[in-house]
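Let me begin by presenting the structure, written as C-alpha cells, before commenting on it.
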Protein chains: 2
Amino acid sequence: MAEPLDPEMFDPVCPSSAMPIQIGDRWTAMVVLCLEGGRRRFNELRGPLRGITPKVLTQTLRAMERDGLVTRTAYDENPPRVEYELTDLGRTLLTLIAAARAWSADHLPALLEARRAHDSSPRSSLSR
Amino acid sequence: MAEPLDPEMFDPVCPSSAMPIQIGDRWTAMVVLCLEGGRRRFNELRGPLRGITPKVLTQTLRAMERDGLVTRTAYDENPPRVEYELTDLGRTLLTLIAAARAWSADHLPALLEARRAHDSSPRSSLSR
DNA sequence: TACCCCAGTATCTTTGAGGTAACCAGTATC
DNA sequence: GATACTGGTTACCTCAAAGATACTGGGGTA
C-alpha cells in the first residue's frame with residue numbers, strides 16, 4: 001500500500017515536553033502524519049509512535065474515528081487485519097500541523113533557551 | 001492601559017471538549033489572547049477565563065513566564081499589583097492561534113456532526 | 001476595631017492518562 | 001495433540017495533574 005514507516009520519524013525527546021502545540025490528544029497529530037501516505041495497520045503505527053502502548057493507540061484511534069478523522073476497516077481474516085485511513089476531514093489537519101511545525105522550527109529554540117535560562121537562574125529557586 | 005476584557009470572550013462550552021487544537025496547557029492560548037491587547041493584572045485575567053481557579057492561573061502564568069512567553073512585573077504597592085505582558089516570543093503564537101481558529105471555523109461543525117452521528121448510531125453501543 | 005483589597009497559598013478530592021497484563025480465535029510449529 | 005504465536009483489544013491498577021474550597025498577609029478605609 002505504501003512505503004514502510006520510518007521508525008525514527010518522531011523524536012522521542014520532543015513530544016509533549018517541549019512542543020507547545022497539540023492537535024487533539026497527545027498522539028493525534030503523529031497519527032495523522034503516519035497516515036498521510038496512505039492506509040496503515042494497527043501495528044504498523046506502533047513503530048514510529050515510540051513508546052505508545054497498544055491501549056493508548058486504540059483509544060486515540062477510536063476518538064479519531066468518532067470525530068470523523070479516520071476510518072477503520074476490519075477484515076474478517078485470520079490473523080485479524082484492521083486498516084486505518086485518513087478521511088478528508090482528517091486531511092484538513094495537515095496544513096495546521098504544518099503550521100505548528102513551522103512555528104516550532106522558527107521559535108522552539110528560543111523557547112527552550114528561555115526555559116534553560118530560567119531554570120539555571122538563581123532566582124528560580126528563591127521565594128518570591 | 002487597555003479596554004476592559006470581555007468576560008464572555010471565551011465560550012465555556014467549547015474549550016477542550018470540542019476544540020482539537022491546543023497551544024501549550026489548556027489555558028495558554030486563552031491567556032495569550034487576553035494579553036493580546038496589552039498588559040493585564042492577575043484578577044483581570046480571571047474574568048474571561050471562565051472558571052479558572054487562582055491556583056491554576058498561577059501555574060499557567062508561571063509556566064509561560066518560564067518559557068519566555070510572558071513577563072511578570074510586580075509593583076511594591078498596597079494592595080499589591082502584578083502585571084503580565086506578552087513577550088515578542090509569546091506574540092508569535094498569535095498567528096498560530098489564528099490558524100487554529102480558522103480551522104475550527106471551517107471544520108469544527110463537520111467534526112461535531114461526525115461525533116454526534118457516531119454517538120447516536122446504534123453501532124456505537126454494540127460490541128465489535 | 002473590623003473589614004476589604006489583591007495576588008496569591010494550602011489542603012483535599014476528583015479526574016483521567018498511562019502502564020501491565022490478559023484475552024480471543026485461528027494458525028503454525030513441535 | 002499440545003504449545004506457542006499472532007493482531008487487535010480489553011480489564012485493572014496507579015499516580016500525577018486539574019479543580020474546589022478555604023485561608024494568608026499587610027496596609028487602607030469606615
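Within every chain, numbering begins at 1; the chains are lettered A, B, ... in the order of the sequence lines, protein sequences first and strands thereafter.
For the helix from dT1(C)-dA30(D) to dC30(C)-dG1(D), the end axes, each set by the C1' atoms of five terminal pairs, are bent relative to each other by 20° (nearest 10°).
Rounded to an integer number of Å, the gap from CG of N43(B) to P of dC4(C) is 16 Å. dA17(D) atom C1' lies 16 Å from atom CG of L57(B), rounded to whole Å. Following rounding to the nearest Å, E77(B) (CD) and dG25(D) (P) show an atom-to-atom distance of 21 Å. In this entry the distance linking CD of E44(A) with C1' of dT6(D) reads 16 Å, nearest Å. In this structure, E83(A) places its CD atom 13 Å from C1' of dG7(D), rounding to the nearest Å. Per the geometry, CG belonging to L49(B) stands 16 Å off C1' belonging to dA7(C), to the nearest Å. The CZ-P distance, from R46(A) to dG7(D), rounds to 9 Å in whole Å. One interatomic measurement links the two molecules: CG of L61(A) to P of dG8(D), which rounds to 10 Å at whole-angstrom precision.
A salt bridge does not link E83(A) with R41(A): every distance from a Lys NZ or Arg NE/NH1/NH2 to an Asp or Glu carboxylate oxygen is 4.0 Å or more.
Under the 6.0 Å distance and 45° angle rule, R81(B) counts as a cation-pi partner of Y75(B).
Within 6.0 Å of atom CG in D106(A), more than 12 heavy atoms from other residues, nucleotides or ligands are found, so the atom counts as buried in its surroundings.
For the pair R40(B) and dC6(C), the criterion of a side-chain N or O lying under 4.0 Å from OP1 or OP2 is not met. Residue R41(B) has no polar side-chain atom (N or O) positioned under 4.0 Å from OP1 or OP2 of dC6(C).
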Residue pair T58(B), F42(B): steps toward the side chain to side chain contact (heavy atoms under 4.5 Å, CB included) verdict: CA-CA 9 Å; T58(B) 298; F42(B) 187 87; 3.5 Å; yes
Protein proximity profile, nucleotides 15-28 of chain C - base contact B, sugar-phosphate-only contact S, no contact -, cut-off 4.0 Å on heavy atoms: ---BBB-----SS-
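Among the candidates T60(A), T71(A), V70(A), the single residue satisfying the side-chain contact (heavy atoms from CB on, under 4.5 Å) test with E65(A) is V70(A).
At the heavy-atom level, Y84(A) lies under 4.0 Å from the strands shown only through sugar-phosphate atoms.
Between L94(A) and L33(A) there is a side-chain heavy-atom pair separated by less than 4.5 Å.
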